[in-house]
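Chain naming here is simple, since letters A, B, ... match the order of the sequence lines and numbering starts at 1 in each. The figures here come from the full heavy-atom set of this structure, side chains too, leaving out hydrogens, waters and symmetry mates.
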2 protein chains.
Amino acid sequence: MKTSKKHPRYESLKYRHMLVEGMKKGYVTQSGLIAHGRGEAFDYLLGEKTIPEAFTAEKAATALMLSSRNPVISVNGNTAALCPKDIVRLARTIDAKIEVNLYYRTVKRERLIEKILLKNGAGKVYGVGRKASKRIPGLHSERAKVDPEGIWSADAVLVPLEDGDRAEALAKSGKKAVSIDLNPLSRTSQTAYISIVDNVVRAIPNMTKIALELRKLNCETLRSIVEEFDNAENLEKIVGRIRTGLSE
Amino acid sequence: MKTSKKHPRYESLKYRHMLVEGMKKGYVTQSGLIAHGRGEAFDYLLGEKTIPEAFTAEKAATALMLSSRNPVISVNGNTAALCPKDIVRLARTIDAKIEVNLYYRTVKRERLIEKILLKNGAGKVYGVGRKASKRIPGLHSERAKVDPEGIWSADAVLVPLEDGDRAEALAKSGKKAVSIDLNPLSRTSQTAYISIVDNVVRAIPNMTKIALELRKLNCETLRSIVEEFDNAENLEKIVGRIRTGLSE
């Protein structure tokens, strides 16, 4: 069914359609669709726009990634379906690696996502097949697997749409995790070093734009941007914003 | 993957699993999965329990259905997947008809849902195949179709998990619609005659329990319960409750 661009929910229906296509191709899961619905509800409560607190977090996150030794962007099925080109562009702008990192890991899904990323201009994709030979401590099952040259040795990891267990395990392993999650109260948002409460399709291009400015700065200035950012306070402000939105 | 009953999200994972099974069988849609995720987010904000305002709405709704001439329960894919037995039990307790009513209507899906309802004890299921020969005015596509003996001639319709367009069309056609929708701000909740902001898996059994008491009362008493209920005020209280929940 084709939806008119004038439909009030055109944007939202477009992204749903992209996920459903990804599911038909075999790399988006049913859990991915349900998770997307949860995100939609919080996006709706936030007014479906990048709120100022999200932009501040995106700036701090970009400064963190730019000042890291080995920054990695983790990509799952939903992210690959929603904004593969934006991911590749951000990775190039901040000089980060891209690693496929799945909750329900199968070689078929890994290869499909790798293919999409390569098609969208990625030079190399980490974490596919046997390359994911290390395990993050504290996690069971296939979702513990990471690439020794990617997330395993990363100091900063951008995890859009991550699950709570893995966000916690990443934090415990000493890495600085940047989450993109529309629920400010989720375990992922509460655990991350920097929590971006924004839709991934807005957050990633925003970070690229910010990076084009920030990469002119030296490392010390970048680190001071990160240090000035108070994640807990920022999250509290976001919850307050949802609360206020509900009063109107 | 089998989940331990001790898992903090056991209940929520169980219902997700039921939907995924329904999808594999062909009667739950991808949109149904996304809609479920949206519901999960609001259920989370409500504390995943029946709040007092929801119970009050369930009581008024049960009184309405019991005092109606031709009450009908509308069933879609998600409802059939999540609580078919509870639907049949409620229909029997309040002497209501059950009608299959789908957004993405195909005879295959209708028949599958009919089969599930019959297997769970329903005597008759309305709205399947050619029986859905009437159209609700103001709606396009297949989702306008209703059964002349069911929703078409109903005075009160219980619509769990309904979409906004159809909820509006039902209201305009002069029927009293009772919605079950976890988002108190949705067009469905805002349009319904009585809006139950609760999870369908809790709301339906609650209504059956309430009906066992209320059906002892006469029609006049039932109508006064309905009249004393203020839907707009009740919805406002619910939004306030979410707001307060976010402060804690």
Which heavy-atom pair separates A:Ala192 from A:Asn231 by the least distance, and what is that distance? O-ND2, 3.4 Å

Taking side-chain hydrogen bond (donor to acceptor under 3.5 Å, both in side chains) as the cut-off, I'd like each qualifying pair that reaches into residues 168-178 of chain A, sequence neighbours left out, listed once. A:Glu168-A:Arg187

Residues in residues 194-204 of chain A that sit under 4.5 Å from chain B, counting heavy atoms only: none

Applying salt bridge (charged side-chain N to carboxylate O under 4.0 Å, His left out), name anything that partners A:Lys24, two or more places apart in sequence or on another chain. A:Glu21

Between B:Arg166 and B:Asn101, is any side-chain donor less than 3.5 angstrom from a side-chain acceptor? yes

Distance alone, cut at 3.5 Å: any donor-acceptor contact between the side chains of B:Asn206 and B:Thr50? yes

Residue A:Leu185 versus chain B: region with a heavy atom under 4.5 Å: both

Quick one: of A:Gly37, A:Ser186, A:Gly39, A:Ser31, who has the most non-hydrogen atom pairs under 4.5 Å with chain B? A:Gly37

Does a sphere of radius 6.0 Å around NZ in A:Lys14 hold more than 12 heavy atoms from other residues, nucleotides or ligands, not counting ones at 6.0 Å or beyond? yes

Between A:His36, A:Glu236, A:Glu40, A:Arg38, which has the largest tally of heavy atom pairs under 4.5 Å with chain B? A:Arg38

Not counting sequence neighbours, list each pair that qualifies as a salt bridge (Lys or Arg N to Asp or Glu O under 4.0 Å) and has a residue in residues 46-61 of chain B. B:Arg9-B:Glu48, B:Glu53-B:Arg241

